[in-house]
Amino acid sequence: MSNIITTTEVQQSIGTISKTITDQSYIVTNRGKGRIVMLPYFEGCDDTVADYLEDFAMVKNAQTLKQRYQTAAESGRSRLVI
């Protein structure tokens, strides 16, 4: 279970957070909205983090991606033959 803390609490207790991050994760909020997720690091998690960042980019740009691929879908079948 993640701990929910404010940005002010992060600034005030970064030492405690860094000591406990191996056992806990944190969701940092600013004015009631989630802003940051702090997770423990483990060897080999780079691929998992890269996948998360790719998912984040797709969610962030979802409207643009939908418009781009809707236009492509409406253009019909391609003459490209493989």
Side-chain angles (χ1 to χ4, degrees):
M1 185 74 174
S2 296
N3 294 314
I4 300 175
I5 59 175
T6 66
T7 53
T8 302
E9 290 173 312
V10 170
Q11 293 170 346
Q12 293 171 347
S13 50
I14 190 68
T16 304
I17 292 169
S18 65
K19 288 179 186 174
T20 61
I21 195 69
T22 56
D23 301 320
Q24 302 176 42
S25 60
Y26 296 88
I27 297 173
V28 182
T29 63
N30 186 2
R31 298 184 182 177
K33 292 185 178 183
R35 296 288 181 210
I36 303 168
V37 176
M38 298 173 76
L39 302 170
Y41 178 83
F42 62 92
E43 196 66 38
C45 72
D46 298 338
D47 291 338
T48 306
V49 171
D51 290 344
Y52 170 82
L53 291 172
E54 185 176 325
D55 291 345
F56 173 75
M58 287 191 297
V59 169
K60 185 177 178 182
N61 300 309
Q63 191 61 35
T64 303
L65 292 170
K66 284 180 185 178
Q67 289 174 350
R68 178 184 299 168
Y69 294 114
Q70 182 64 34
T71 302
E74 290 171 353
S75 69
R77 293 180 61 103
S78 171
R79 292 185 301 254
L80 178 65
V81 178
I82 298 177

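Start at 1 with the first residue, then count along the sequence.
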Could you give the side-chain donor-acceptor pairs of residues 26-33 under 3.5 Å, partners two or more places apart or in another chain?
{"unit_1": "Y26", "atom_1": "OH", "unit_2": "T20", "atom_2": "OG1", "d": "2.5"}
{"unit_1": "T29", "atom_1": "OG1", "unit_2": "I5", "atom_2": "O", "d": "3.4"}

Are Y69 and M58 connected in the hydrophobic side-chain network, where two residues link if heavy atoms are under 4.5 Å apart? yes
Distance, nearest 0.5 Å, that separates CG of D55 from NZ of K60: 14.5 Å
Quick one: list whatever passes side-chain contact (heavy atoms from CB on, under 4.5 Å) with T48, sequence neighbours left out. none
Who passes side-chain hydrogen bond (donor to acceptor under 3.5 Å, both in side chains) against S25, sequence neighbours left out? S2
Give a yes or no on whether I4 and V10 share a hydrophobic cluster (residues Ile, Leu, Val, Met, Phe, Trp, Tyr; joining criterion: side-chain heavy atoms under 4.5 Å apart). no
Ignoring hydrogens, what is the shortest heavy-atom contact between I17 and M38? Give both atom names and the distance. CG2-CE, 3.8 Å
Are I14 and I36 grouped together when hydrophobic residues (ILVMFWY) are joined by side-chain heavy atoms under 4.5 angstrom apart? yes
Would you find more than 12 non-hydrogen atoms of other residues, nucleotides or ligands less than 6.0 Å from F56 atom CZ? no
